[in-house]
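The structure under discussion appears below in the form of structure tokens.
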Amino acid sequence: MQEILDGLNDKQYEAVINTEGPCLVIAGAGSGKTKVLTHKIAYLIQEKNVAPQNILAITFTNKAANEMKERISKLIGDKALNIWMGTFHSICVRILRTHIEKIGYDSSFVIFDASDQRTLIKKCIKELQLDDKIFTERSVQSEISNVKNEMLEPEQYMARSKGDFRKEKIATVYEMYQKSLKDNNAIDFDDIINLTLKIFNMNPDVLEYYASKFQYVLVDEYQDTNKAQFNLVKLLASKNGNITVVGDNDQGIYSFRGADISNILNFERDFKNSKIIKLEQNYRCTGNILKIANSVIKNNETKYNKKLWTENEVGALPKIYSASDEYDEGRYIVEQIEHLKKYENYDYSDFAVLYRMNTQSRAIEDILRREAVPYKVVGGLKFFERKEIKDIIAYLRVIQNPVDNISLTRIINEPKRGIGRTSLERIENIAIQNQTSMYEIIKHSDEYGLNRVFMSSREFVNVMEELMAKKDSLKISELVKLVLDKTGYTKALKEEKTLEAENRIENLEEFLTVAMEFENEEVENSLQSFLEGMTLSSDMDNVDEEEASVTLMTLHSAKGLEFPAVFLVGMEEGIFPGYKSISEPTELEEERRLCYVGITRAKKDLFLTCSKKRTMFGSTSYNLVSRFVKEIPTELLDGAEDVFEQKTKDFQTTGNSFGNSGYSWSYGASKGNGVIKTYKLDDDNSRSVAASSIGKGFGRTAESFLKSLSNKPMGQKVDLSKYEEGVRVYHKKFGEGIITATEPEGDDIKVDITFDKFGHKRLMARFSNLEII
DNA sequence: ACGGGCGTCTTTTTT
DNA sequence: AGACGCCCGT
């Protein structure tokens with residue numbers, strides 16, 4: 001009991017015991033923010049006798065929620081599991097499932113992710129015959145999302161937009177989009193928050209229930225909440241008034257998705273008589289790293305001026321390296337990693353490489369792979385974004401929710417059934433006329449004179465009907481197997497006989513293991529919660545920390561994490577800060593906060609890199625070193641003087657013709673013409689070194705596993721003669737097995753293998769990384 | 001009417 | 001790597 005308050009510094013102690021009323025904790029990077037939250041919750045339960053189910057704690061990712069629960073359990077035991085803890089989205093979905101019918105939705109709704117959203121918006125734009133050059137899905141989508149974050153309904157937005165042609169049109173799209181969502185029995189990410197608010201506003205008794213229930217409300221990463229989330233928090237805390245928010249105005253990096261830093265800046269105004277506590281002692285970084293972080297962030301205007309300090313050692317001087325191109329940048333990283341590993345006893349997992357854009361990982365990955373450095377990539381090309389995975393999910397969605405026209409459209413002709421564009425258009429029109437779903441029309445297509453559709457869709461309808469009937473009695477994995485089998489999906493892939501198809505089949509098998517893991521671990525074992533878990537899981541939720549590998553991710557994903565050694569790469573004008581933010585002061589400040597977040601991830605060693613020449617999206621540019629680097633006093637940065645000197649020289653000789661950035665220039669270079677391709681993969685280094693991450697835990701993206709598949713160099717040297725009947729082999733994913741048959745296929749061999757645990761599989765020898773044992 | 005093939009664009013950051 | 005528009009062959 002005593003230990004809950006032990007080991008806290010004065011400020012942390014104050015933040016923990018200050019349980020009653022509004023409390024704002026300004027928590028600088030590495031100041032023990034999670035500690036405060038976990039100890040405060042433990043204190044409430046243990047000391048103040050608050051029942052766990054009367055506490056609501058909102059975190060930024062599901063992973064953070066799980067970690068926090070674990071840490072609280074260590075303090076007070078298993079009752080921590082009853083705390084309402086999760087992201088805004090997961091908490092709200094939980095509320096929506098029980099109450100959404102009150103506002104006219106069906107409780108079996110599905111959640112549309114960003115790409116479903118885009119498809120739907122695109123359809124609306126087309127339907128309204130708007131010029132899709134002016135109204136791009138992207139711009140309309142972000143406008144609609146912004147409007148939703150302001151909690152404006154279509155009518156309200158329309159009223160506000162009177163006189164503005166563009167906005168009026170977008171309002172029409174918004175209206176149609178919202179109606180279509182409802183017709184599809186779907187809601188989007190923004191609706192998750194907004195509809196919860198709507199329920200509260202229209203049903204005072206429901207609000208009363210939750211506002212009474214949650215005696216204590218705690219919100220983490222408060223600087224990244226948006227208007228709607230703020231309102232939600234305000235409503236939930238309205239009854240008891242015990243609200244603790246923790247955040248750092250210098251780490252707000254999500255304004256592009258509606259996060260509003262003024263939520264944290266105006267806390268005192270919004271919640272009367274609030275207590276404000278600043279945590280300014282940093283326990284994470286060395287003195288030098290902290291100095292650098294402060295020297296950058298001080299260029300922003302901030303309301304809560306806090307000055308982070310530390311008692312930690314001064315530490316090594318952070319370094320900057322100016323590479324000749326992005327591959328040289330990668331090579332430098334490997335060099336430094338190997339050095340620290342050798343002389344400072346570092347492990348691969350102690351390193352993180354952080355970049356502004358996902359695309360930047362490519363070149364670095366190439367070099368890491370070439371140099372046999374194990375790595376994993378967080379986010380980027382996601383498992384769930386692959387075509388075959390989206391297809392199987394679309395099948396499952398239609399089974400769960402037959403009125404989901406978007407998913408149905410995706411799969412009706414996958415595999416090819418002879419239902420093309422024209423048929424689909426007809427089906428859709430009839431569905432609209434009859435106010436029903438496209439699935440209904442297909443099912444009864446004979447009654448609507450769609451004979452062709454009727455003929456070609458019979459098998460599909462029969463299979464779907466059968467699976468819909470069985471969906472709750474079958475295990476998810478069995479359902480997946482049946483879909484793939486009975487719809488002919490796998491069969492069609494097999495008949496393609498291409499490497500790509502082979503790969504897709506393997507990915508689907510991986511999906512099957514994801515489903516099995518879900519069955520084993522989740523209590524709520526329904527198709528609905530399976531689908532829900534997949535759309536609400538974040539990149540960070542799927543990171544496996546156990547592995548001894550270097551972590552590559554975006555600066556955004558790195559929020560909340562720490563590593564002994566951090567590389568901030570691509571420190572160039574136009575990259576970081578991105579060229580789009582250079583002329584926009586508020587965006588530039590956000591970029592600077594992002595830089596601050598990046599720097600403060602490092603505990604001991606920090607490396608900044610930039611490149612004189614960089615090829616991206618098929619063109620080469622010569623960027624100047626980032627202004628953020630220049631904001632660091634040269635004496636704090638090893639190599640700073642060299643870098644500035646070089647950059648100036650380059651600048652003078654190369655001139656300037658790059659739009660409004662005014663700092664760099666570029667010329668087009670067609671893709672793949674080999675101009676920059678200096679490094680090739682060595683044949684004997686081609687074995688994949690990216691460690692496989694198919695492990696426990698629902699929603700695992702199998703990221704590195706996939707990377708190892710998709711990045712596998714073509715035509716690797718494999719002694720095919722060694723594969724013959726009776727030979728025992730080891731496969732990374734399937735484990736040990738015995739070859740039962742072989743068959744030549746071009747310059748490769750198809751091998752049939754019976755695996756001890758996974759049964760019979762057919763693989764291509766050249767690409768399956770089989771080891772003979 | 002369907003579907004294969006080809007060229008083009010995509011790219012900040014994400015619950 | 002994928003989505004999509006366009007064109008042409010069946």
Side-chain angles (χ1 to χ4, degrees), chain A residues 58-65 86-93 111 113-115 117-119 122 126 132-133 136-138 141-142 145 149 188-193 221 224-226 228-229 252-259 354-362 378-382 385-391 410 413-426 450 452-453 456 496 500 503-504 507 535-541 553-559 570 574-582 587 590-591 593-595 597-598 616-619 670-671 706 710-711:
Chain A
I58 297 168
T59 58
F60 197 69
T61 61
N62 294 304
K63 189 187 177 215
T87 60
F88 273 104
H89 293 89
S90 65
I91 298 281
C92 287
V93 166
I111 301 158
D113 65 19
S115 90
Q117 246 184 82
R118 230 174 298 130
T119 316
K122 196 163 194 177
K126 210 169 180 178
D132 58 6
K133 290 278 181 295
T136 59
E137 312 116 78
R138 262 198 110 69
Q141 179 188 27
S142 85
S145 182
N149 286 331
D188 68 16
F189 278 119
D190 301 318
D191 286 340
I192 294 176
I193 313 295
E221 308 282 7
D224 284 320
T225 51
N226 65 27
Q229 291 166 339
I253 54 174
Y254 281 95
S255 72
F256 67 91
R257 73 173 201 218
L354 309 182
Y355 36 77
R356 181 71 237 279
M357 286 175 286
N358 281 308
T359 37
Q360 288 172 262
S361 75
R362 263 269 131 77
V378 178
L381 197 150
K382 289 184 225 26
E385 279 170 16
R386 305 198 61 124
K387 185 184 180 303
E388 61 278 15
I389 303 304
K390 277 162 99 177
D391 286 345
R410 182 176 182 101
N413 209 25
E414 199 72 53
K416 299 279 170 267
R417 298 187 175 92
I419 300 174
R421 215 190 65 213
T422 329
S423 297
L424 260 180
E425 254 167 45
R426 283 189 190 168
L450 298 167
R452 202 174 171 137
V453 172
S456 23
E496 271 186 48
E500 198 194 356
N503 238 316
R504 290 193 197 281
N507 288 340
T535 25
L536 292 184
S537 86
S538 77
D539 290 339
M540 287 317 303
D541 297 340
M553 65 185 142
T554 62
L555 287 150
H556 282 86
S557 298
K559 189 170 85 155
I575 304 282
F576 188 33
Y579 72 96
K580 278 181 178 152
S581 57
I582 283 174
E587 285 185 38
E590 176 144 321
E591 297 279 302
R593 290 193 292 270
L594 193 55
C595 183
V597 167
M616 269 176 126
F617 311 132
S619 69
S670 58
K671 273 180 199 164
L706 275 162
S710 56
N711 290 331

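All values below were derived from every heavy atom in this structure, side-chain atoms included, with hydrogens, water molecules and symmetry-related copies excluded. The sequence lines fix the lettering, A, B, ..., with proteins before strands; numbering per chain opens at 1.
The nearest whole Å value for the distance from the NZ atom in A:Lys559 to the C1' atom in B:dT15 is 10 Å. For the pair A:Asn62 CG and B:dT15 C1', the computed distance is 9 Å after rounding to whole Å. Between the CG atom of A:Asn226 and the P atom of B:dT14 there is a distance of 17 Å, given to the nearest Å. Remark: C1' of B:dT15 and CG of A:Asp188 are 12 Å apart, rounded to the nearest angstrom. Between the CD atom of A:Glu414 and the P atom of B:dG3 there is a distance of 10 Å, given to the nearest Å. Between the OH atom of A:Tyr254 and the C1' atom of B:dT15 there is a distance of 8 Å, given to the nearest Å.
Here A:Thr422 reaches the OP1 or OP2 of B:dC2: one of its side-chain N or O atoms lies under 4.0 Å away. OP1 and OP2 of B:dT12 both lie 4.0 Å or more from every side-chain N or O belonging to A:Asn358. Using a 4.0 Å cut-off, no side-chain N or O of A:Thr61 falls inside it from OP1 or OP2 of B:dT15. OP1 or OP2 of B:dT11 has at least one side-chain nitrogen or oxygen of A:Arg138 nearer than 4.0 Å. Under 4.0 angstrom from either OP1 or OP2 of B:dT14 there lies at least one side-chain N or O belonging to A:Thr554.
Remark: A:Glu221 pairs with A:Lys33, A:Gln223, A:Lys559 by the side chain to side chain donor-acceptor pair (under 3.5 Å) rule, at least two apart or across chains. A search for side chain to side chain contact (heavy atoms under 4.5 Å, CB included) contacts involving A:Ile91 returns A:Leu56, A:Trp84, A:Ile95, not counting sequence neighbours. Under the side chain to side chain contact (heavy atoms under 4.5 Å, CB included) criterion, A:Asn413 pairs with A:Lys416, A:Arg417, A:Ile419, sequence neighbours left out. Applying the side chain to side chain donor-acceptor pair (under 3.5 Å) test to A:Arg504 and every residue at least two apart in sequence or in another chain returns A:Glu388, A:Glu500.
The side chain of A:His556 approaches B:dT14 more closely than any other nucleotide in the set B:dG3, B:dT14, B:dT15. Checked against B:dT12, C:dG2, B:dT15, the side chain of A:Phe189 finds its nearest nucleotide in B:dT15. Closest to the A:Thr87 side chain, of the nucleotides B:dT11, B:dC2, B:dT15, is B:dT15. Listed nucleotides: B:dT11, B:dT12, C:dG2. Nearest to the side chain of A:Arg504: C:dG2.
A:Gln360 comes within 4.0 angstrom of no nucleic acid atom, judged by non-hydrogen atoms across all strands. Contacts of A:Asn413 with the nucleic acid, taken as non-hydrogen atoms under 4.0 Å apart, involve only primed sugar atoms and P, OP1 or OP2. A:Lys416 comes within contact range of the sugar-phosphate backbone alone, with a heavy-atom separation under 4.0 Å but no base atom that close. Among the atoms of the strands shown, none is found under 4.0 Å from any heavy atom of A:Gly578. Note on A:Phe60: only backbone sugar-phosphate atoms sit closer than 4.0 angstrom, heavy atoms only; bases stay farther off.
Put simply, the side chain of A:Arg257 does not reach to within 4.5 Å of the side chain of A:Asn149, judged on heavy atoms. The shortest side-chain heavy-atom distance between A:Phe60 and A:Thr87 does not fall under the 4.5 Å cut-off.
For A:Phe256 and A:His556, the ring centers are positioned less than 6.0 Å apart.
Stacking here means ring centres nearer than 5.5 Å and ring planes tilted less than 30 degrees, and by that measure A:Phe256 does not stack onto B:dT14.
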Produce the list of close N/O pairs, under 3.5 Å, pairing protein atoms with atoms of nucleotides 3-5 of chain C; give distances to one decimal.
residue : atom : partner  : partner atom : Å
C:dA3   : OP1  : A:Arg410 : NH2          : 3.4

Below 3.5 Å is the cut-off: list the nitrogen or oxygen pairs between protein and nucleotides 7-10 of chain C, distance only.
none

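Atom CD of A:Gln360 and atom CD1 of A:Ile575 lie 5.5 Å apart (nearest 0.5 Å).
At a cut-off of 3.5 Å, with distance as the only test, a side-chain donor of A:Asp190 or A:Ser145 sits close to an acceptor on the other residue.
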